[in-house]
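Residues take their numbers from the sequence shown, with the count starting at 1.
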Amino acid sequence: MLLIDDEARLRQLLAQVLELEGYTVLQAPDAYRGLALLGQHAAEVLVVLSDVKLPDAHGVDLLPRFKALAPEAEVVLLTAFGTIPDGVRAMKQGAFDYLTKGDFEQQLVVVVERAAEKARLRHRVAELEKRMSQGHTFDSMIGEAPALRRAQTLARQVAPTDSTVLLEGPTGAGKELFAQALHQASGRKTKPFVAVNCSAFPKDLLESELFGYKKGAFTGALSDKKGLLEEANGGTLFLDEIGELELNVQAKFLRVLELQQFTKLGDTKPTKVDVRLVAATNRNLKQEAALGHFRPDLYYRLSVFTIVVPPLADRRTDVPLLAAFFLKHFAARLAKRLPGFEPETLELLQRYPWPGNVRELKNVLERAAILAPAGELLAPAYLPDEFHGVAARPAADDESLRGLEARHIQRLMGELLGNKPEVAKRLGIGLTTLYRKLQEYGVE
């Protein structure tokens, strides 16, 4: 953190407050030394706190120079005499916030924490974009939730082998990304990766698409056709929604897995292939096999190595990171500057159950990016109707943990006459966390 202010006593006081919150604070008394420090420590500075009236510059005019030296950092401007035109100009030029001295003490810690979190998120998105440019790999996957990490660990272990892999998980969770990463981490990565969505083909056409056919095999077969199995020869065949395969096609696939050969429609000789199979399903295939809807022998052959790809509801901590990535992606596509999210928007996104998983999140962000005005933080109003009311404050009779916590904090605030450091101490949490909870629950 970089703090620039020509008032030495105030600068030292603010630095002490921020250091108590765990920040390392660099100090400068003027713009010249502040810019020099920022140039030396650009990679480490998450937030620049700058007075507007400096001896050698105006804080608003410095915004482009701050951004040029440290593009990922957020800037919070401080002023003794705030004016609306200055505030508007500051926000338009990319300031995170504009605070007036004298009444910002309670806001400062919360604002700085939010600015730092936004800067951290931007750093992580930049790193992920760098990884994404390297192709579909496990490192390019966006997310750090334990459920995702467990699935990645298993996938990394099986990737170098030729074992068949079954990916289980709901639609939109990212099973195809896992299949592509398995291929890239295998010895087959220079060979074809062929993806087939079994539910996208009419059932009477899927067999011919997979296995191919010989000329004259049926009406309309005017020439030989190479099937997708042959197209994937030497590489990986990814069968998405394998539970949609007809039972007779399942029997042919069992032969492929056991003998690495199959017979085309209209042919009498078997065709040999060298293919690794990765299959995916959103169904419970074991249950489907018990009901007679899926061949048990094929199920047991497919489930040599099963990996569960977690739904987004099980990795909510990844939602801000994914949302920031998608917003940046759509902003670039629309040629529109969208600097980020209002805090309430991120809270709504994290609380939503995401029945459509990552695919639904991507669609929601595309819609919001189209609706949001350029240059503004993305507000809750640009989310679909089903998001509103998800994060409502707990009612007086709310017996959830959230409701109980809100009432406990309210009671302590009354008992201790609003002494926030003492309330935080009683609760065993940091002052920043308390400020965030006070705002979240609307506690006065």
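Under a 3.5 Å cut-off, the side chain of Lys336 and the backbone N or O of Ala372 do form a donor-acceptor pair. Between the side chain of Asp97 and the backbone N or O of Val76, no donor-acceptor pair lies under 3.5 Å. The closest donor-acceptor contact from the side chain of Asn357 to the backbone of Arg359 lies at 3.5 Å or more, if one exists at all. Not one N or O on the side chain of Asp51 forms a donor-acceptor pair closer than 3.5 Å with the backbone of Leu54. When atom types are taken as modelled, the side chain of Trp354 and the backbone of Val319 share no donor-acceptor pair closer than 3.5 angstrom.
With respect to Lys53 and Glu7, no salt bridge is recorded, no charged nitrogen being found less than 4.0 Å from a carboxylate O. We find that Asp6 and Arg11 are not joined by a salt bridge, their nearest charged nitrogen and carboxylate oxygen being 4.0 Å or further apart. The residues Arg283 and Glu168 are annotated as not salt-bridged, no charged nitrogen and carboxylate oxygen being separated by less than 4.0 angstrom.
Across Leu302, Leu277, Ile242, a single residue satisfies side-chain contact (heavy atoms from CB on, under 4.5 Å) together with Phe253, and that is Leu277. Looking at Val158, Val278, Thr153, Leu166 one by one, the single match for side-chain contact (heavy atoms from CB on, under 4.5 Å) with Ile307 turns out to be Val158.
Ring-plane geometry between Phe387 and Tyr352 is classed as parallel, the angle between the planes falling under 30 degrees on a 0 to 90 degree scale with a further cut at 60. Between His329 and Phe325, the ring-plane angle classifies as parallel under the 30° and 60° cut-offs.
In terms of heavy-atom proximity, Ser186 sits nearest to Ala159 at CB-O, 3.3 Å. For the pair Pro380 and Glu342, the tightest heavy-atom approach, listed with the atom from each and the gap, is CD-OE1, 3.5 Å. When all heavy atoms of Ala195 and Glu176 are compared, the closest pair comes out as CB-OE2, 3.6 Å. Nearest heavy-atom pair, Ala145 versus Arg315, reported as atom, atom and distance to 0.1 Å: CB-CB, 3.3 Å.
Between Phe294 and Tyr299, the ring centre distance reaches or exceeds 6.0 Å.
Side-chain contact between Ile4 and Leu38 is absent, with no heavy atoms from C-beta onward closer than 4.5 Å.
Around atom CZ of Arg65, no more than 12 heavy atoms belonging to other residues, nucleotides or ligands sit under 6.0 Å away.
At a cut-off of 3.5 Å, with distance as the only test, no side-chain donor of His183 or Gln180 sits close to an acceptor on the other residue.
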